[in-house]
Amino acid sequence: MKNENCIFCKIAAGEIPSATIYEDDDFRVILDIEPASKGHALILPKEHYANLYELPEELASKVLIVAKKVITSMTEIVGCDGYNVLQNNGEVAGQTVFHFHMHLIPRYKDDDVTIGWKPGKLTDVLKEQILSKMK
Ligand code: AMP
Ligand code: ZN
């Protein structure tokens, strides 16, 4: 399943050139064009799924294996000190390209990458609200 208007479908299919650092039957991993840090990469499934909700379980389970492979070799190449692995779903969550992708962002001591939130408070009411519905 491809989406005619999706740039990541075209990149994943090799129709648009990209800096590919890993490829298998299901995924292409490319360097991000506007990297947060040296080595920032994106895992793209070759089929079009807008987000994690749509991604089939089989691919969802494979994507973290690809992430592990790539961050392990990239760490050796760029000599980073840590990694953020993150994935945005929906505009409100910062997603700008609506073809599932996972960000692999190398972190360096004293870099200026900002990924964060203001810690809130897990109140008893909130905890109960969620736990009672999840059980
Ligand atoms: P998100 O905000 O999670 O949807 O992330 C989209 C990411 O795709 C951003 O980090 C962009 O820099 C990156 N991006 C957009 N277009 C391209 C492209 N043609 N090649 C590589 N990365 C891209
Ligand atoms: Zn797509």
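In listed order, ligands and their atoms are each counted from 1. Numbers here are sequence positions counted from 1.
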Exercise. Going by heavy atoms, is Gly94 under 4.0 Å from ligand 1?
Worked result: yes
Exercise. Is a side-chain donor or acceptor of Gln87 paired with a backbone partner of Met102 at a separation under 3.5 angstrom?
Worked result: no
Exercise. Taking a hydrophobic cluster as the set of Ile, Leu, Val, Met, Phe, Trp and Tyr residues connected by side-chain heavy atoms closer than 4.5 Å, whether directly or through intermediates, do Tyr49 and Ile11 fall within one such cluster?
Worked result: no
For this session: To 10°, measure the SG(Cys9)-the Zn ion (ligand 2)-SG(Cys6) angle for me.
Result: 120°
Exercise. Between Asp110 and Tyr108, does any side-chain donor sit less than 3.5 Å from a side-chain acceptor?
Worked result: no
For this session: Please say whether Val97 places an N or O atom under 3.5 Å from an N or O atom belonging to ligand 1.
Result: yes
Problem set entry | Atoms in ligand 1 with a heavy atom of His103 nearer than 4.0 Å | 1 (P), 3 (O), 5 (O), 7 (C), 10 (O)
Exercise. Does the side chain of His103 come within less than 4.5 Å of Val85's, by heavy atoms?
Worked result: no
For this session: Heavy-atom contacts with Leu31 under 4.0 Å: which atoms of ligand 1 show up? List them by number with element.
Result: 21 (C)
Seminar exercise, completed: Within 4.0 Å of some non-hydrogen atom of Gln95, the atoms of ligand 1 are 4 (O)
For this session: Answer yes or no: is there a side-chain heavy-atom contact under 4.5 Å between Leu55 and Tyr53?
Result: no
Exercise. Is it the case that more than 12 heavy atoms not belonging to Lys38 sit under 6.0 Å from its NZ atom?
Worked result: no
Exercise. Any non-hydrogen atom of Ile16 lying under 4.0 Å from ligand 1?
Worked result: no
For this session: Before signing off on this row, confirm whether Thr96 and ligand 1 have an N or O atom pair separated by under 3.5 Å.
Result: yes
Exercise. Would you say the side chain of Leu44 lies within less than 4.5 Å of the side chain of Val29, judging by non-hydrogen atoms?
Worked result: no
Problem set entry | Residue His99 atom name (nearest to the Zn ion (ligand 2); N/O/S) | ND1
Problem set entry | Atom of His48 nearest the Zn ion (ligand 2) (restricted to N/O/S, atom name only) | ND1
Exercise. Tell me, do Asn51 and Phe98 make a side-chain contact under 4.5 Å, heavy atoms counted?
Worked result: no
Exercise. What residue and atom, counting heavy atoms only, is the protein's closest point to atom 16 (N) of ligand 1, and at what distance?
Worked result: Phe8 CE1, 4.0 Å
Problem set entry | Proximity to ligand 1 by part of Asn88, non-hydrogen separation under 4.0 Å | side chain
Exercise. Given Leu86, Asn51, Leu44, Asp32, which one has a non-hydrogen atom that is nearest to atom 7 (C) of ligand 1?
Worked result: Asp32
For this session: Determine, step by step, whether His99 and His101 satisfy the ring pair (Phe, Tyr, Trp, His ring centres under 6.0 Å) criterion, reporting the C-alpha distance in whole Å, the side-chain angles of both residues, the deciding distance to 0.1 Å, and the verdict.
Result: CA-CA 6 Å; His99 174 126; His101 51 281; 7.8 Å; no
Exercise. Are Leu122 and Leu126 close enough that some pair of their side-chain heavy atoms sits under 4.5 Å apart?
Worked result: yes
Exercise. Does ligand 1 have an atom under 4.0 Å from some heavy atom of His101?
Worked result: yes
For this session: With heavy atoms of Ile30 as the reference, note each atom of ligand 1 found under 4.0 Å away.
Result: 21 (C)
Exercise. So between Ile7, Ile11, Ile33, whose heavy atom ends up nearest atom 14 (N) of ligand 1?
Worked result: Ile33
For this session: May I ask you to list the atoms of ligand 1 that are less than 4.0 angstrom from any heavy atom of Leu42?
Result: 8 (O), 13 (C), 22 (N)
Exercise. Can you tell which part of Phe98 has a heavy atom less than 4.0 Å from ligand 1: side chain, backbone, both or neither?
Worked result: neither
Problem set entry | Side chains of Ile115 and Arg107 in contact at under 4.5 Å (non-hydrogen atoms) | yes
